[in-house]
Amino acid sequence: MAEQRIPLAKAINAALEAALSADPKVLLMGEDIGPLGGVFRVTADLATKFGEDRVVDTPLAESGIVGTAIGLALRGYRPVCEIQFDGFIFPAFDQITTQLAKLHARSRGRLTVPVVIRVPYGGGIGAVEHHSESPEALFAHTAGLRVVSPANPADAFVMLQEAIACPDPVLFFEPKGQYWAKGDVDLSAGPYATGQSVATQFDTLNTAKVVREGTDVTLIGYGPTVVTALKVAQSAAAEGTSIEVIDLRAISPIDFPTLIESVQKTGRCVVVHEAPVFFGAGAEIAARLTQECFYHLEAPVARVGGFHTPYPPAKIEHDYLPGLERVMDAIDSVLAY
Amino acid sequence: MAEQRIPLAKAINAALEAALSADPKVLLMGEDIGPLGGVFRVTADLATKFGEDRVVDTPLAESGIVGTAIGLALRGYRPVCEIQFDGFIFPAFDQITTQLAKLHARSRGRLTVPVVIRVPYGGGIGAVEHHSESPEALFAHTAGLRVVSPANPADAFVMLQEAIACPDPVLFFEPKGQYWAKGDVDLSAGPYATGQSVATQFDTLNTAKVVREGTDVTLIGYGPTVVTALKVAQSAAAEGTSIEVIDLRAISPIDFPTLIESVQKTGRCVVVHEAPVFFGAGAEIAARLTQECFYHLEAPVARVGGFHTPYPPAKIEHDYLPGLERVMDAIDSVLAY
Amino acid sequence: MAETPWLPHNEAEPTVQLVLPDGSENTDTQWDHYRNLVKDVDAATWRTWYRDMALMRRFDEEATALQRTGELALFTQARGQEAAQIGSVHATRAQDWIFPAYREHGVLQVRGVPLKEELHLFRGVDHGGWDTEKHHVHLNTLVISAHTLHATGYAMGIQRDGLVATGDPDTDAAVMVYFGDGATSEGDTSEALNFAAVNQAPVVFFCQNNQWAISVPGTRQYRGPLVRRGAGFGVPCVRVDGNDVLAVHAVTREAMERARNGGGPTFIEAVTFRQGAHTTSDDPTRYRGTDEEQYWSQRDPVERVVARLRAMGAWDERFHTEVTHEADEFAAELRTYVRSLGRPASSAMFDHVYATPHAINQTERDWFAGFERDLADGEGGH
Amino acid sequence: MAETPWLPHNEAEPTVQLVLPDGSENTDTQWDHYRNLVKDVDAATWRTWYRDMALMRRFDEEATALQRTGELALFTQARGQEAAQIGSVHATRAQDWIFPAYREHGVLQVRGVPLKEELHLFRGVDHGGWDTEKHHVHLNTLVISAHTLHATGYAMGIQRDGLVATGDPDTDAAVMVYFGDGATSEGDTSEALNFAAVNQAPVVFFCQNNQWAISVPGTRQYRGPLVRRGAGFGVPCVRVDGNDVLAVHAVTREAMERARNGGGPTFIEAVTFRQGAHTTSDDPTRYRGTDEEQYWSQRDPVERVVARLRAMGAWDERFHTEVTHEADEFAAELRTYVRSLGRPASSAMFDHVYATPHAINQTERDWFAGFERDLADGEGGH
Ligand SMILES: Cc1ncc(C[n+]2csc(CCOP(=O)(O)OP(=O)(O)O)c2C)c(N)n1
Ligand SMILES: Cc1ncc(C[n+]2csc(CCOP(=O)(O)OP(=O)(O)O)c2C)c(N)n1
Ligand SMILES: [Mg+2]
Ligand SMILES: [Mg+2]
């Protein structure tokens with residue numbers, strides 16, 4: 001099949017198409033995902049290709065979407081729900097937290113609820129309130145859910161397929177600011193594209209990836225901040241600092257072995273995400289890395305992220321978001337120890 | 001007025017009564033809080049004393065309770081909502097996260113929404129599913145909310161009054177396992193009991209409290225785990241270990257200056273809460289304490305709490321909860337460094 | 001009306017009733033349609049229903065006793081709701097699916113779910129977990145009304161499977177979801193009605209209006225008649241005397257048939273009464289009077305069936321003794337089983353959190369195993 | 001019906017209409033009641049309405065243009081909904097309160113909210129923030145339907161304040177909440193209807209059924225007629241031709257009066273059409289046809305007012321020119337204002353997160369101030 005250079009949004013569209021083609025039980029549900037193709041056109045043309053019974057425009061009710069998806073999953077379907085924007089997932093919070101997360105355990109393993117919830121998330125696109133948030137930590141705290149976020153088209157293509165094939169419920173956070181960023185994608189990879197109808201390995205849902213090797217500082221990001229991290233690493237290299245960049249990919253679980261190996265090598269670590277730092281994913285990473293690498297750390301793990309404020313209006317969002325300067329500043333601070 | 005020895009549930013009842021008496025704008029809303037007095041009898045007799053227009057049995061709808069409370073608060077009322085059990089707060093998650101937390105900021109300070117949400121939380125009482133959870137971290141991540149939890153009747157009495165008097169929305173987590181534990185309460189303390197109709201200080205909503213001094217290890221708990229922490233400190237003392245116990249009280253904000261002062265003294269720290277450790281409050285505490293006390297820490301901050309599992313059935317809940325042995329084990333581990 | 005102020009908006013609204021409280025036939029012609037639907041109900045059927053209702057009541061008494069003696073932590077009493085449950089569940093067929101709430105003991109029983117397994121939850125040994133596929137009865141949830149959406153989604157699945165309106169009565173399937181008057185206030189119930197209506201999903205919303213949501217009466221819960229809730233969403237609805245097992249059966253049979261035939265959802269309000277407490281932790285004397293309880297005990301559903309059987313000449317003491325004997329044995333077995341239910345292994349909490357390996361879960365499970373070993377070895381002791 | 005398949009369940013349901021699309025009076029006697037309610041509406045009032053609707057339309061055009069030229073990030077177009085908004089808001093009194101959604105430009109305008117302040121949101125300088133107390137118009141939220149509960153709670157507050165059914169028309173107050181057809185699907189809207197009904201709160205639920213929720217038509221959103229949604233919750237309801245400003249005014253006036261007088265809530269479905277895109281980011285050609293757009297453009301609400309004025313002999317070119325001139329000035333001022341709206345200070349994001357000091361907020365604000373200083377000093381530069 002070979003590689004194609006396509007944007008992240010298109011990679012997701014292709015993953016959905018692969019899953020819809022390979023498994024008649026896969027169906028998409030959400031607001032405006034049918035004829036419109038979603039407000040980001042991520043589901044463009046899929047309703048035409050697979051029919052409106054498989055690419056379903058639902059009523060405007062997020063709890064209803066996730067709740068009926070649970071019922072469909074109990075019936076043997078594999079619903080992939082789209083939440084239109086990050087800020088609109090909260091009406092579904094109860095269904096996700098008390099129902100979706102727990103049904104496998106409550107049934108003592110008898111039932112599985114393979115529901116995927118796709119959430120365009122993150123900021124930087126000049127959007128209005130509630131359209132730029134990063135609520136991933138609010139899901140990672142709950143056992144039974146998997147929480148992942150791809151950073152590039154190739155990962156998006158495989159990760160989404162694995163998410164759909166996985167019997168566990170998956171919160172799939174898509175960095176909407178990267179939707180139009182292109183990358184090379186192997187369109188023959190992933191459980192559906194390769195024609196394995198039943199996947200047994202879910203590597204990308206469980207593992208972080210070292211995307212640039214380095215020796216002085218470990219810089220961990222995921223989703224939209226991986227690009228920032230790579231830029232920082234590049235400009236730091238020019239100044240003689242060697243940064244190892246890790247794309248977390250999975251937020252629940254977190255691939256601590258990979259992180260630990262890196263930090264034991266570098267002795268310094270910075271975590272960067274768009275979500276507020278306070279009670280964010282960086283806290284869990286810093287706490288556990290410190291536990292595991294106590295004698296290796298030359299400096300405390302630094303965290304860079306959003307502030308403990310509502311996501312600000314667009315004109316000033318770039319000062320809220322963890323940009324190059326702030327990440328650099330954190331790199332400098334851990335190097336200064 | 002003098003001290004009285006009363007259980008925590010009664011202290012909360014007394015705080016509610018003081019607020020209802022002092023301020024006609026205070027009103028209580030919730031399921032079964034009226035004639036029944038709540039499933040824990042925390043609001044016992046209040047409907048009789050203040051009428052069913054001020055102690056309101058609402059329809060069975062948590063989003064409706066919080067949503068209408070927001071409207072009442074915008075109109076100048078001070079609603080105190082009861083969520084019947086921790087596990088039933090999630091239908092209200094959207095109203096709390098996207099509305100209650102943000103209205104003050106969105107209105108650029110013009111509006112305040114002084115809503116208190118009382119949540120009996122925590123386990124250990126042999127309850128069925130969804131009745132023993134500790135979701136506080138899911139609220140602390142969101143700016144605009146205050147999150148607090150009293151550990152004893154005296155604090156409960158003052159903290160709840162301050163929460164009601166505070167112009168910010170407050171999530172007030174009540175350790176239901178401690179409802180019947182008695183303590184001395186100064187019934188003349190607190191903004192309403194002292195007759196200050198407008199409080200300007202909200203000390204207990206902002207500060208942690210050193211409840212036992214010590215020199216070897218700082219042990220931080222809140223709500224239901226403070227009792228455990230004190231027991232551990234006592235038995236450790238017998239073995240010659242001096243533990244400083246801190247009752248966090250406030251989870252948003254966290255009173256880091258108090259924690260830092262203690263840890264800089266002891267050099268060792270254990271945090272204990274019933275909520276799952278993964279993405280729990282202990283992560284934020286450990287991460288920030290490590291940042292601030294890097295050179296003082298002799299050992300990584302240890303975290304003890306619930307596991308990354310659904311809250312288990314009652315027969316085995318005591319192995320899920322952070323009991324004496326597990327806290328002791330953590331103390332031993334930080335001392336072993 | 002004047003003497004029954006606790007009955008919200010009840011009397012005026014048309015309510016299907018086929019058997020009067022004294023066991024005689026209601027001859028009101030307005031219900032001819034429903035009467036005709038259940039012409040096939042013979043004495044044998046009535047006796048089956050009586051047996052089921054008697055067993056259900058015995059289960060209630062026994063589980064309550066087990067709670068009183070400390071064998072169960074809690075129990076949700078269903079006394080008074082026997083006709084609503086037994087009448088409706090007998091309108092389901094093997095291929096249909098049920099989504100119960102937490103008080104549907106009679107429904108579970110008729111579907112063959114071993115009721116002793118339902119008690120696992122109340123003994124605190126697991127969160128439920130009977131074999132859902134075997135009995136076509138899904139797990140209940142204690143989160144009020146969340147399951148109404150699952151039922152609707154499930155029905156949408158049956159639809160997609162092509163198992164609606166095939167013309168084959170043994171193939172066509174539908175879903176029945178049970179919930180209470182209080183549950184109608186949750187947004188999820190409304191969303192479920194709407195999704196069901198828009199999709200014309202084969203699901204019957206069976207609301208047991210037992211007059212109370214814990215301590216909150218209908219007058220504070222909704223502005224009725226509650227039955228009209230369905231119509232507001234474009235869902236046909238019907239109100240039935242929930243203590244008249246025949247009438248309940250008639251309306252439910254019609255609704256399930258319609259659903260199976262592709263006619264979409266129905267909302268049923270079964271007007272009944274929770275004679276017991278909300279749960280064994282509850283104390284109804286705090287919020288309701290004995291006049292109300294008396295009113296309803298005169299309308300007891302089990303007594304009505306006995307009266308009906310007598311009126312039909314189909315009641316005899318031998319039958320009565322047989323059923324009582326069966327109930328005694330059932331109760332004895334239940335007691336023995338519950339008492340024998342041991343504490344699960346603590347490590348069970350780590351099982352089935354995920355269907356595929358999850359590192360945090362595994363790390364914690366391993367840590368716990370080590371910790372338990374150390375404790376057992378006395379190393380962790382202080 | 002056959003030629004208008006996109007109109008869900010529309011034609012059969014009674015719909016209040018007082019003026020026909022061609023501007024002539026609808027003489028159907030079934031609407032005599034409403035006709036009598038608005039007998040006081042004279043030519044001067046009609047001209048006021050025309051002016052308001054014309055300004056609203058001009059605002060729409062101007063804001064759209066500002067978005068096209070990059071001055072605004074987004075704009076929510078309301079063209080086609082002028083009669084629904086202007087007719088209803090004119091039924092509110094100074095003491096009433098409004099809870100708008102994000103498309104109620106005409107409502108805000110009539111209540112005196114400077115529309116330029118509404119554009120702050122779309123320019124990305126703040127999240128809204130006009131003076132709610134001054135105009136009795138609350139902030140809108142982009143979270144669909146969340147505000148329906150706020151409106152209901154607010155109405156419960158007015159009730160508690162003793163400002164309902166006092167007998168003094170300048171005292172009695174009520175709340176009006178605006179939302180769309182899509183918003184009716186969210187659980188919150190249902191919960192709001194229920195809370196309003198149970199409390200008989202003085203709140204009018206004004207649903208502008210503009211046929212679309214972004215790309216989703218009514219046929220996939222609900223199984224109608226939507227107007228009956230109210231009745232399902234025990235809330236009186238009425239359906240009105242939302243492009244007939246007089247009819248809208250009549251039904252809203254009655255509903256607000258009833259609410260102020262203690263008669264409780266009303267649900268109004270105003271049948272209208274969003275002639276523009278959902279927002280300037282939207283592309284309706286992807287999901288709807290021109291036949292539908294033509295159907296509705298023949299029922300344009302502004303043209304209907306002009307026709308009515310003509311029919312009344314109250315239209316003249318001088319008046320037209322006056323209003324056009326006023327609209328030009330309004331638009332020019334709007335342009336100037338929007339273009340002049342600068343970037344707020346970044347530190348503003350730390351303001352008003354809490355009303356009382358919160359340590360995390362303060363620490364971060366201080367850190368940021370230091371960071372900005374360092375950056376300015378060139379220390380942070382790389
Ligand atoms: C979401 C949620 N909120 C609150 C509760 C607590 N609660 C348990 S049962 C109940 C009343 C339910 O009443 P109803 O729906 O009428 O059913 P019934 O118990 O009468 O069968 C309440 C409030 C809950 N279980 N779930
Ligand atoms: C809770 C929530 N879910 C989804 C959205 C995205 N969204 C914005 S407007 C809209 C459609 C609203 O339709 P309707 O209620 O009919 O109002 P209209 O836009 O037609 O005025 C959607 C789905 C949102 N803003 N909030
Ligand atoms: Mg009930
Ligand atoms: Mg609309």
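In this text the structure is predicted, and so the values were computed from the model without any measurement. Letters go in sequence order (proteins before strands), and every chain restarts at 1.
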Trainee: Between chain A and each of G187(D), A73(D), G182(D), A345(D), count heavy-atom pairs under 4.5 Å; write down the option with the most.
Mentor: G182(D)

Trainee: Determine whether S281(D) and V39(A) make a side-chain contact, defined as any pair of heavy atoms from C-beta on separated by less than 4.5 Å.
Mentor: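 Not touching, per the 4.5 Å side-chain cut-off.
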
Trainee: Taking the side chain as every heavy atom from C-beta outward, state whether K315(A) and P344(D) have any pair of such atoms under 4.5 Å apart.
Mentor: yes

Trainee: Identify which part of F307(A) has an atom lying under 4.5 Å from any heavy atom of chain D, answering side chain, backbone, both or neither.
Mentor: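 Both parts, heavy atoms under 4.5 Å.
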
Trainee: How long is the gap from CG on L375(D) to CG on D329(A), to the nearest 0.5 Å?
Mentor: 8.0 Å

Trainee: Can you say whether F85(A) sits under 4.5 Å from chain D via the side chain, the backbone, both, or neither, judging by heavy atoms?
Mentor: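 The answer is neither part of F85(A).
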
Trainee: Report yes if the side chains of Q84(A) and I214(D) come closer than 4.5 Å at any heavy-atom pair, otherwise no.
Mentor: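 A side-chain contact exists here, since the closest heavy-atom pair is under 4.5 Å.
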
Trainee: Under a 4.5 Å heavy-atom cut-off, does chain A meet the side chain of A183(D), its backbone, both or neither?
Mentor: backbone

Trainee: Nearest 0.5 Å please: distance from the CG atom of L36(A) over to the OG1 atom of T285(D).
Mentor: 9.5 Å

Trainee: Hey, does the side chain of E129(A) reach the backbone of L142(D) with a donor-acceptor pair shorter than 3.5 angstrom?
Mentor: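 Between the backbone of L142(D) and the side chain of E129(A) there is no qualifying donor-acceptor contact (under 3.5 Å).
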
Trainee: Examine whether an atom of H318(A) lies under 4.5 Å from a heavy atom of chain D, and if so say whether it belongs to the side chain, the backbone or both; otherwise answer neither.
Mentor: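 For H318(A), neither part sits under 4.5 Å from chain D.
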
Trainee: Under 4.5 Å, counting heavy-atom pairs only, tell me which of H120(D), H127(D), R343(D) racks up the most with chain A.
Mentor: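 When all of H120(D), H127(D), R343(D) are compared, H127(D) has the most.
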
Trainee: If I measure from the heavy atoms of chain D, does E52(A) come under 4.5 Å with its side chain, its backbone, both, or neither?
Mentor: both

Trainee: Yes or no on side-chain contact (heavy atoms from CB on, under 4.5 Å) for E325(A) and F371(D), after CA distance, side-chain angles and deciding distance?
Mentor: CA-CA 9 Å; E325(A) 284 91 358; F371(D) 178 73; 3.7 Å; yes

Trainee: Could you report the tightest heavy-atom contact between S185(D) and A61(A), atom names first, then the distance?
Mentor: O-CB, 3.4 Å

Trainee: How long is the gap from OH on Y320(A) to CZ on F350(D), to the nearest 0.5 Å?
Mentor: 9.5 Å

Trainee: Could you tell me which non-hydrogen atom of P313(A) sits nearest to which non-hydrogen atom of G124(D), and how far apart they are?
Mentor: CB-O, 3.2 Å

Trainee: As an exercise, state the distance from CD of E372(D) to CG of D319(A), rounded to the nearest 0.5 Å.
Mentor: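 Reported to 0.5 Å precision, the distance equals 5.5 Å.
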
Trainee: Which residue out of R365(D), Q221(D), H358(D) racks up the most heavy-atom pairs below 4.5 Å with chain A?
Mentor: Q221(D)

Trainee: Can a salt bridge be assigned to the pair R220(D) and D32(A) using a cut-off of 4.0 Å between side-chain N and carboxylate O?
Mentor: no

Trainee: With chain A as the partner, which of L74(D), D126(D), N361(D) has the greatest number of non-hydrogen pairs under 4.5 Å?
Mentor: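 Highest number of heavy-atom pairs under 4.5 Å: D126(D).
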
Trainee: To the nearest 0.5 angstrom, please state how far the OG atom of S215(D) sits from the CD atom of E31(A).
Mentor: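 S215(D) OG to E31(A) CD: 9.5 Å, rounded to 0.5 Å.
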
Trainee: So do the side chains of T184(D) and L60(A) get within less than 4.5 Å of each other, counting heavy atoms only?
Mentor: no

Trainee: Between the side chains of Y354(D) and H308(A), does any donor sit under 3.5 Å from an acceptor?
Mentor: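 Judged by distance alone, the side chains do pair up.
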
Trainee: Checking the side chain of H130(A) only, and the main-chain atoms of T141(D) only, is there a donor and an acceptor separated by less than 3.5 Å?
Mentor: no

Trainee: Non-hydrogen atoms of chain A under 4.5 Å away: do they reach the side chain of R123(D), the backbone, both or neither?
Mentor: both

Trainee: So which heavy atom on P91(A) is nearest to which on E186(D), and how close?
Mentor: CB-OE1, 4.1 Å

